[in-house]
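Note that ligands are numbered from 1 as they come in the structure, with each ligand's atoms numbered from 1 the same way.
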Amino acid sequence: MSAAPPTPLTVRIGDVERVLPTVRAGNLGRVPLVEFIGDPEFTNAAAQAMLPLIPDGTELLLTVVTNALPLAHELSDRSGLPYVCARKKRRTYMQSPLIQDVPSLSLGVAETLWLDGPHAERLRGRRVAIVQDVVASGGTAQALAKFVVQAGGTVAGYLAAFRQGRPRIEVAALQDLPGRLP
Ligand SMILES: O=P(O)(O)OC[C@H]1O[C@H](OP(=O)(O)OP(=O)(O)O)[C@H](O)[C@@H]1O
């Protein structure tokens, strides 16, 4: 007998509704997949709804490629706050980049984040909010927070469109998603 097909999870942000596909992710098993890339309507709705989640006193947003980037861009545009983006690959043009490892327990892959030196410089002395599409274990958020501290800034807080499961940091999110699906 074959297993029953997974029940799709439907989310709604403002007027925009999406059915999230279900994927297998590392040792998490099946999880709902959030994709902002290629979906400006969903991205814009999330960015608009996230505006009130930006901590008071925030001077700059910090995010990371890939899926969080369009969201942070729209949030920056709407809030008027500048943003900086960490990468997941070292680029040849980077100058004295800061480096942080993310030992991702949830997705089952370790990752290295790179923040170009001139971008790191923009964090110095600033109150920085960390922006993500999804926070699951919180490992990526913690690595981004280390960049802020390394660069001489302070972490104003963490915000995400979705909180998945039980992250090890306190994050303001629009909605909760199950950490794993049955
Ligand atoms: O809280 P954590 O357990 O660290 O997981 C959260 C991260 O995982 C996802 O990224 P993904 O690895 O899918 O990369 P992508 O955005 O480059 O697709 C998501 O976009 C977050 O950045």
Side-chain angles (χ1 to χ4, degrees), residues 6 8-9 11 13 16 18-47 49-50 53-55 60-76 83-91 94 97-116 119 123 128-150 155-181:
L9 190 71
V11 293
I13 301 177
V16 182
R18 290 290 180 269
V19 178
L20 304 183
T22 297
V23 295
R24 290 200 174 275
N27 56 13
L28 272 185
R30 294 190 311 108
V31 295
L33 178 67
V34 175
E35 283 190 293
F36 288 112
I37 290 175
D39 193 344
E41 192 187 20
F42 191 40
T43 304
N44 292 345
M50 285 171 71
L53 304 185
I54 299 174
L60 189 131
L61 309 173
L62 175 63
T63 194
V64 60
V65 292
T66 314
N67 197 40
L69 180 54
L71 185 64
H73 180 98
E74 290 299 334
L75 198 56
S76 169
Y83 77 100
V84 165
C85 186
R87 309 288 283 262
K88 290 183 179 175
K89 272 189 180 172
R90 181 175 193 143
R91 317 311 307 185
M94 285 181 169
L98 303 186
I99 305 163
Q100 286 293 339
D101 288 326
V102 185
S104 176
L105 302 175
S106 54
L107 294 177
V109 284
E111 215 138 41
T112 301
L113 306 187
W114 305 81
L115 185 63
D116 199 359
H119 295 302
L123 306 184
V128 180
I130 290 169
V131 178
Q132 288 182 261
D133 52 338
V134 178
V135 172
S137 70
T140 304
Q142 287 179 314
L144 292 171
K146 285 181 187 166
F147 277 148
V148 175
V149 173
Q150 252 187 303
V155 177
Y158 304 87
L159 61 155
F162 296 96
R163 180 174 35 227
Q164 188 160 16
R166 302 176 67 174
R168 57 178 97 105
I169 55 151
E170 209 168 295
V171 54
L174 299 176
Q175 289 179 35
D176 283 290
L177 296 175
R180 68 174 70 207
L181 296 168

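For ligand 1, the polar-atom distance check against Val102 finds no nitrogen or oxygen pair separated by under 3.5 Å. The shortest N or O to N or O distance between Val135 and ligand 1 is not below 3.5 Å.
For ligand 1, the atoms lying closer than 4.0 Å to a non-hydrogen atom of Asn67 are 16 (O). For ligand 1, the atoms sitting less than 4.0 Å from at least one non-hydrogen atom of Thr66 are 15 (P), 16 (O), 17 (O), numbered in the order shown with element in parentheses.
The nearest pair of heavy atoms linking Ala47 to Glu74 is CB-CB, 3.5 Å. Residue Val171 comes nearest to Arg163 through the heavy atom pair O-NH1, 2.5 Å, listed as atom of the first residue, atom of the second, then distance.
In this structure a side-chain-to-backbone donor-acceptor pair under 3.5 Å is missing from Asp133 to Phe162.
Using a 4.0 Å heavy-atom cutoff, Gly138 is listed among the residues neighbouring ligand 1. The shortest separation from a heavy atom of Lys88 to ligand 1 is under 4.0 Å, placing the residue in contact.
Remark: Glu41 pairs with Arg18 by the side-chain hydrogen bond (donor to acceptor under 3.5 Å, both in side chains) rule, at least two apart or across chains.
Residue Gln100 forms a side-chain hydrogen bond (donor to acceptor under 3.5 Å, both in side chains) with just one option from Gln150, Glu111, Gln142, and that option is Gln150.
Using a 4.5 Å heavy-atom threshold, the side chains of Val84 and Val128 count as separate.
In Asp133, the part holding a heavy atom less than 4.0 Å from any atom of ligand 1 is the side chain.
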